[in-house]
Amino acid sequence: MDYKAIEKKWQDIWDANGSNNFDWSSDKPKYYVLEMFSYPSASNLHLGHWYNYGPSDTFARYKKMQGYNVFHPMGFDSFGLPAENFAIKTGVHPKDSTEKNITTMLGQLKSIGAMYDANSFLVTSRPEYYKWTQWLFLQLLKKGLAYQKNAPVNWCTSCNTVIANEQVLDGSCERCKSEVIKKEMTQWFFKITHYAEELLACLDGLDWPEKTKSMQRNWIGKSIGAEITFAVVPPRSADPKDVKDYIKVFTTRADTLFGVTYVVIAPEHPLASTLPTAAKKKAVTKYIQEATKQSDIERLSTAKEKTGVFTGRYCINPATKKRIPIYVADYCLATYGTGAVMAVPAHDDRDFAFATKYKLPIVTVIQSADANNDNTTSGAYTNDGILTNSKKFDGLTSAEARQKIVASLKAHGTLKTNYRLRDWSVSRQRYWGAPIPIIHCQKCGAVPVPEKDLPIELPYNVEFAPDGKSPLAKCASFTHTTCPKCGGKATRDPDTLDTFVCSSWYNLRYIDTKNTKEAFDPKLINKLMPVDKYVGGAEHACMHLLYARFFNKALRDMGYVNCDEPFKSLVHQGIILGKDGQKMSKSKGNVVNPDIYVDEYGSDVFRMYLMFGFSFVEGGPWNDDGIKATVRFLERVERIVRKVYEPTTIKQSGDISEVEFVLHSTIKAINEDLEVFSFNTAIARLFELVNAIYRYDTAGYDPTALQDTCRTLILLLAPFAPHFCEELWASVINTGKTCSIFDHSYPKHDPSKLTKSTVEVAVQFNSRVKCKITIPQGLDQAAAQKTALADPTVIAALNGITPKKVIIVPDRLVNIIV
RNA sequence: GCGGAUGUGGCGGAAUGGCAGACGCGCCAGACUUAGAAUCUGGUAUCCUUGAUGUGCUGGUUCAAGUCCAGUCAUCCGCACCA
């Protein structure tokens, strides 16, 4: 078969018939299959895309043949940093390079032969899409879910610009190697923390990989604890009446309060710069500056030596009433809790290390329930236990004490639930993104752009070479405008939205891409949502997948979406690595280009090999040794099908029950495997079926008896090799009819064909296999035991001894314990 | 560092706690062929080959462990401005 020719032929026919599109008039149940859309990068559609989209399409076609009205859209997530970096380097405008890449990639996408809905194509960087991204920003703002605050960004001191985390290498700029510092800027945030509890709670009901759910749980990081206030002692006076400053800390270990011997505030904490005494001011300021150069990951590392500086000031431990010193230390993060911690060196590893280094007191207040060990020298005892050195709380368990100690603090302590999840920063000081629809007016402040004025189009002529300002800020025609409220002179927000905002609602826009009046018609989206199967990389576990869930919940609360969760079921494909086992990258020179294989073998062979050669969720190093096996398999299928449908051999009658048994167990297994994306085992079952057909055929039996089997085989194979099967179907099996194979039902197994009269079971002696016996299938335990014990080999092995015990696993084994 | 995963023949990979290695690649043999290729059929974990050993390593639970538990080593992924 000329694969290339038939693939083109069927792709054109499917296009012309619109058979890939969702049928809005159908009353079949809907099924929404979604793959994470791709970024139109400068290189072509790569192996990773094929590995995601090929198998997902097999799944979508399988669902279609099962009788679902399948919605399977595709588009491009086309805003983002790479196009802008490419522009800075080459001068090619991001819009031009992006649109060019999209054209190339669209052609390549077509060559997969996937059944993408042609009506639902979208590109996030086109105004007809980002108009609605901006509209959504305004809706979140209206709902109180968007707000402005100061937040640190990476600032390259030489390029004079904001750079992404990705561009920071070992604390310096990847472009110019200069030092990168943190700089505070006013930015927009989405209040994802508003939904922290619900985002956590709803995970339980999702059909997602357990590891992904567990990563999101940890990312949200709920911890139940307490907020405790430490009063700062005024300088040179201990008179509590003069107390003006307070340090609030969050702790999950209020039971250790009597062991608090110092307090730490983060370098970014507002008090860090105001609190230090004159004598300490210089040292603290220097320390704060140093801290801004490190990443959170570096700072939190427990392997790294703890550092900090004394502020010269003290606060009062509300339990012991003792004066304790206040330190500034970078192991305390401003973004978590209150940006301040109470330190309990006896019962926390980091505090222990810090206290040992700075010779601070270590007071044991928790004892292990089963042993008396002195914690002050051996390291911190971090488990719960029994309280000691805690006055009236002595003898309580940690759990009891956490409640009672907080209660005793009255106004200075409250029980509190804290989340590690932070609000989502969406401002980017970049060009290639959706402009933030806000106008800044001196009189009226930040004013939302009226919805009728959307989209705020991204101007084409801008200077995006980095020089200290957002590219949009330098574009006068864009920046200068009038305030929608007061009509006075005003400026547009110079920032663009994080591209994750664009990808947080594309699953909704797909359903109604042509809508020019609204982002989507609620009636339509509620017909198709939620997504029934979402397929994409595990690297999105904590960000995209959480942001999209947040958007869905916010839109639900605004009355647009009915479902609580956007993605009912989720599957991650693995990563195909280079031959060397390393992640593919241009710099490593280990990139495998799928085009070469598609050119040589065609799309069906290539996507089948991707499904057969790897475990879908695992991926692994690329290796094309087995690709010829897939070619061979399809050729074997074609040969036998043609032979069976043009019988020339002499007809004999024969027992086809063995083939039937294999056929029906294959159907059963494939259906089960496809439901869980186990493509490699499903294809293995198809191999077995074809082997069984060949064995029957070569035994000289009647080929016409195999026609039904071959017909079923091609139906089973159709989602895996769609062009190939469509061609065989039309030209050999279903000749003279125009109905596509994908309009036929996927085979279902007949349970009556799966019963065999006898089964072979293993007979074990003390759990070791001794021999095998053949017994009737479904034989009850007593009879199975009797049969086994009557077997000559067993009698000989027993040699007159009576077994202590016999364990029977029906139809599998008999274990005789002697 | 924190969080998440992975570890099985020469190779890719299979195994609801129940006969480890399905299926395929590779390799070996046979058939067909003048010959080769292709095709078809069979074989293929290891070893001292009469039965013993085998799923990174050390223990544990169990009649029975790749699978469950504890620990350990190695590798990979994410960590909030890459998408």
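No hydrogens, no waters, no symmetry mates; every other heavy atom, side chains included, goes into these values. All chains are named by letter (A, B, ...) in the order of the sequence lines, taking the proteins before the strands, and each is independently numbered beginning at 1.
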For RNA chain B, which ranges pair as stems of 3 or more consecutive Watson-Crick or G-U pairs, with both donor-acceptor distances under 3.5 Å?
B:1-7 with B:73-79, B:10-12 with B:23-25, B:26-31 with B:39-44, B:45-47 with B:51-53, B:56-60 with B:68-72
Pi-cation contact, A:W50 with A:R607 (under 6.0 Å, within 45°):
no
Applying side chain to side chain donor-acceptor pair (under 3.5 Å), can you list everything that pairs with A:D791, at least two apart in sequence or on another chain?
A:T793
Taking the six-membered ring of A:W208 as reference, does the NZ or CZ atom of A:R549 fall below 6.0 Å from its centre and within a 45° cone about the axis?
yes
Holding to ring-ring contact (aromatic ring centres under 6.0 Å, His included), I want the full list of residues that pass it with A:Y506, two or more places apart in sequence or in another chain.
A:F37, A:Y510
What pairs of nitrogen or oxygen atoms, one from the protein and one from nucleotides 44-47 of chain B, lie under 3.5 Å apart?
none

Applying a 4.0 Å non-hydrogen cut-off, can you work out what A:F500 is touching in the nucleic acid: base, sugar-phosphate, or nothing?
base
Between A:W219 and A:H540, the residue closer to the 5' end of RNA chain B by nearest nucleotide is A:W219
Quick check: any donor-acceptor pair below 3.5 Å linking the side-chain of A:K772 to the base of B:C19?
yes
Applying ring-ring contact (aromatic ring centres under 6.0 Å, His included), name anything that partners A:Y609, two or more places apart in sequence or on another chain.
A:W622
Using a cut-off of under 3.5 Å, enumerate the N/O to N/O pairs linking the protein to nucleotides 48-53 of chain B.
from, atom 1, to, atom 2, distance (Å)
B:U53, OP2, A:R768, NH1, 3.4
B:U53, OP2, A:R768, NH2, 3.4

What residues from residues 425-436 of chain A pass a heavy-atom cutoff of under 4.0 Å to RNA chain B?
A:S425, A:S427, A:R428, A:Q429, A:R430
Using ring-ring contact (aromatic ring centres under 6.0 Å, His included) as the criterion, list what pairs up with A:F679, not counting sequence neighbours.
A:F616, A:F677
Could you pull out the protein-nucleic contacts involving nucleotides 5-12 of chain B (nitrogen or oxygen on both sides, under 3.5 Å)?
from, atom 1, to, atom 2, distance (Å)
B:G12, O2', A:G613, O, 2.1

How about A:F190 and A:F137: are their ring centres within less than 6.0 Å of each other?
yes
Rounding to an integer number of angstrom, what distance separates B:C19 and B:U67 when you compare their C1' atoms?
16 Å
Quiz item: A:Q187 side-chain donor-acceptor pair to B:C81 base, under 3.5 Å
yes
What residues from residues 810-818 of chain A pass a heavy-atom cutoff of under 4.0 Å to RNA chain B?
A:R812, A:L813, A:N815, A:I817
N/O contacts under 3.5 Å, protein versus nucleotides 36-40 of chain B?
from, atom 1, to, atom 2, distance (Å)
B:U39, O3', A:R639, NH1, 3.0
B:C40, OP1, A:R636, NH1, 2.6
B:C40, OP1, A:R639, NH1, 3.3

Name all residues meeting the salt bridge (Lys or Arg N to Asp or Glu O under 4.0 Å) criterion together with A:R685; count only those two or more places apart in sequence or in a different chain, and write none if there are none.
A:E688
Under 30°, 30 to 60°, or over 60°: which ring-plane class applies to A:F79 and A:Y130, parallel, tilted or perpendicular?
tilted
